[in-house]
Amino acid sequence: MFFPITVLALAGSALAAPSNSSNSSSSLLTNINQIQQYWGQISPYHDNADNHFGVSDVGLPNGCQIEQVHSLQRHAQRFPTGAFDDGANDANFAAKVYNFTQANPNAQFTGPLSFLNSYQYQMTSNYLTGIGASTEFMSGVTFWNRYGRTLYNATVGQVTYNASYTNGTARPKPVLRTTSQPRIWDSQISWALGFFGPSFYEVPDPTLSAFGNGSLFDVVIIPEGGTENNTLASYDSCFADDFTDIGSIGDLDLFFQYVPKYMQAAVTRMNKYAPSGFTFNHNDTYAMQSICAYENAYIGSSEFCSLFTEEEWQGFENTLDIEYFYDYSYGQPTGRAQGLGYLQELLARLTDQYITSSNSSVNYTDTDNSKDFPLGRPFYADFSHDDILVSVMTAMSLDYFRDPPSLTEYPPNPDRHFILSNMTPFGARLITEVIGCGSADPTEQKSFRTQYYPTEYGYNPSNATNKFIRMRLNNGILPLDTIRGGKCSGRSDGLCGMEDFLASQYQAEELANYQFSCFANYTLKNPTNGTDYDGAVSKNSSTINLFPGELTASYIDSQGL
């Protein structure tokens, strides 16, 4: 018999509990450039500084050059999803306002809320917005400028990828991978338009024929939305994640603990401008913050954005950090499992091996052949979701991010490490660079230097036999020396020797405990007490209640999950 946790419906009345923390009396924040820094994973993309994550020496050493690049790319700006804490709560609030104004035409919101008297919600669900497409287009351009020029030894003035070698013969076509979800697929298309550049050729191609005839690149589309294996949407095949009290721990923490803590002053403030018969609650004010971000992602502005203090925006971001740490990272029993599949694919590419069987979300029918999973290519670009990026870094044991956001502290600590606006904004990218060097111990280079051509700083491909890994998250160099076990310690520039990096991931499968974490029939004893599960559970975990049986695809389908 199965004893899964019942999926909970979060009701507005449940969120109206009195706050146990007073809000700051700070003035309202109106500078959108500051406000949008606090939108967590729905923030617009921005580059982190090279040293943002604490790596002190950010230049590429003399005698070294980037020889291969792997990009795990998040989709860009989208409409809200149907999740309660996302689009559903936003739509509920918009309907509440609209229904009230229609039923009470003489009742008036006043002051800064006067716009609600005629407000109409403009959001649909899930799809990429035009602003999102432009973000991905610019990401493709940036990828060419930062990596493509040197990977392909571009000629002077070359602004995009060239499908032919200088002698006129065809290059092997790049393979881009995406899920079948429209916003992911559209992000891949927009990114490719930037990287391959058919809209800014020296000789214009008004029909984009070079882009549309399939001669520039191939696409692998991995199905998403069922129970199939898919490393770019790995929650599909990790069934324990489908149950609210396991897979949505962070959502529960967000609404039942943190939103009431930081929103009471905002609720009181909004109700001063509300007509008789209309009462704002915590759900409503939280929705107003969310709608602000989404309207900016769609139409570029919003009347909701100037209604909150900076501390309240900091609180909003902390709710999202809480959600993702406990839904996809160390605070989630399936956090490692959800990132393991892509990590295995990355390691396979780094070691030039196909994957012919699977003990994770890898679909080995896609990874056992050169058509869908070519080896030895200059770059790889995979298009995915924000949560996958978080789970991959968890599966790696990159313990810099094992820094739980506080469930009680308000305002939150600005120096905490797990901040989604820096980790997974719209258009986020996790970049793995393979670097070849002439020396086994190249001298660290303090400052960033623009690489104008591959051999500029003494790099010689014929003797660059020493290979290193460096990773960047939205340009910021990741501190690989914080990978658990110390294999990547010893350097101040984020470089880790290839063999050391591979050794640092030797226990990733064991730590993820994929089969048990995803398919065992268990519940959590205390799902909302801030437990750090280290991203996995086992039959010996004291934090779970274990029942006979195993979760199956047919059971998940029968429950409508």
Side-chain angles (χ1 to χ4, degrees), residues 31-48 71-83 85-91 94 121-143 176 178-195 199 224 232-233 286-305 313 316-317 319-321 323-324 328 381-390 419-431 473-475:
N31 184 336
I32 193 64
N33 292 321
Q34 290 179 263
I35 293 169
Q36 67 185 12
Q37 297 175 19
Y38 298 121
W39 292 344
Q41 83 282 3
I42 53 176
S43 298
Y45 180 81
H46 69 277
D47 266 351
N48 292 316
S71 180
L72 181 60
Q73 175 85 22
R74 186 200 176 190
H75 66 79
Q77 285 92 327
R78 55 160 171 79
F79 290 104
T81 68
D85 57 294
D86 200 49
N89 188 49
D90 294 356
Y121 191 59
Q122 300 295 307
M123 294 291 158
T124 181
S125 181
N126 286 315
Y127 297 106
L128 197 71
T129 68
I131 291 174
S134 67
T135 295
E136 290 293 341
F137 180 92
M138 192 61 218
S139 179
V141 172
T142 299
F143 191 86
L176 312 183
T178 176
T179 81
S180 61
Q181 192 173 96
R183 69 175 179 265
I184 310 297
W185 198 344
D186 283 338
S187 291
Q188 173 263 306
I189 293 169
S190 299
W191 186 96
L193 282 166
F195 181 81
S199 64
E224 176 180 358
L232 306 180
Y286 188 79
M288 293 162 77
Q289 289 186 302
S290 176
I291 293 171
C292 157
Y294 279 118
E295 289 185 343
N296 271 272
Y298 172 35
I299 57 178
S301 63
S302 173
E303 290 291 334
F304 290 99
C305 292
W313 282 117
F316 178 74
E317 173 158 67
T319 66
L320 300 173
D321 298 341
E323 179 182 19
Y324 274 62
Y328 307 111
D382 294 324
F383 295 83
S384 183
H385 298 268
D386 47 3
D387 46 292
I388 304 302
L389 274 70
V390 170
I419 299 180
L420 288 177
S421 60
N422 299 321
M423 297 171 66
T424 57
F426 283 130
R429 67 270 339 222
L430 176 63
I431 301 286
L473 184 60
N474 311 321
N475 189 63

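Remember, predicted model here, so these are calculated numbers, not experimental data. The first residue in the sequence is number 1, and the count goes up from there.
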Dump the intermediate steps for side chain to side chain contact (heavy atoms under 4.5 Å, CB included) on Q73 and S187, then the final yes or no. CA-CA 9 Å; Q73 175 85 22; S187 291; over 6 Å; no
Who pairs with D387 by salt bridge (Lys or Arg N to Asp or Glu O under 4.0 Å), at least two apart in sequence or on another chain?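 For D387 there are no salt bridge (Lys or Arg N to Asp or Glu O under 4.0 Å) partners, ignoring immediate neighbours.
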Using only atom types and a distance under 3.5 Å, with no angle test, would you say the side chain of D321 pairs donor to acceptor with the backbone of I419?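 Here the side-chain-to-backbone pair does not exist.
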Would a distance-only check, ignoring hydrogens and angles, find a side-chain to backbone donor-acceptor pair under 3.5 Å from T179 to L232?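 No; judged by distance alone, with no hydrogens or angles, the pair does not exist.
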Check: Y286 ring centroid to F316 ring centroid under 6.0 Å: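 Yes, ring centres under 6.0 Å apart.
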Exactly one of F383, W185, F137 should register a ring-ring contact (aromatic ring centres under 6.0 Å, His included) with W191. Which one does?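 That would be F383; it is the only one of F383, W185, F137 passing the ring-ring contact (aromatic ring centres under 6.0 Å, His included) with W191.
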Heavy atoms, side chains only, cut-off 4.5 Å: are H385 and R183 in contact?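 They are in side-chain contact.
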Are the side chains of T424 and F426 in contact, using a 4.5 Å heavy-atom criterion?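 No, their side chains stay 4.5 Å or more apart.
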Salt bridge (Lys or Arg N to Asp or Glu O under 4.0 Å) contacts touching residues 71-82 (sequence neighbours left out):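 For residues 71-82: R74-D386, R78-D86.
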Shortest non-hydrogen contact from P80 toward G87: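 Scanning both residues completely, I find the closest heavy atoms to be CB-CA, 3.4 Å.
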Looking at E323 and D85, what are the two nearest heavy atoms and their distance?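 Distance-wise, the nearest heavy atoms are OE2-OD2, 2.6 Å.
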Would you say that more than 12 heavy atoms from the other residues, nucleotides or ligands in this model lie under 6.0 Å from the OH of Y127, or not?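 Open: at most 12 neighbouring heavy atoms sit under 6.0 Å from OH of Y127.
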[X]-[Y] side chain donor-acceptor pair, cut-off 3.5 Å:
{"X": "E317", "Y": "S421", "result": "yes"}
{"X": "S302", "Y": "E295", "result": "yes"}
{"X": "T178", "Y": "Q188", "result": "no"}

Set of side-chain contact (heavy atoms from CB on, under 4.5 Å) partners for A293, sequence neighbours left out: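 In terms of side-chain contact (heavy atoms from CB on, under 4.5 Å), with neighbours along the sequence ignored, A293 is linked to W39, I42.
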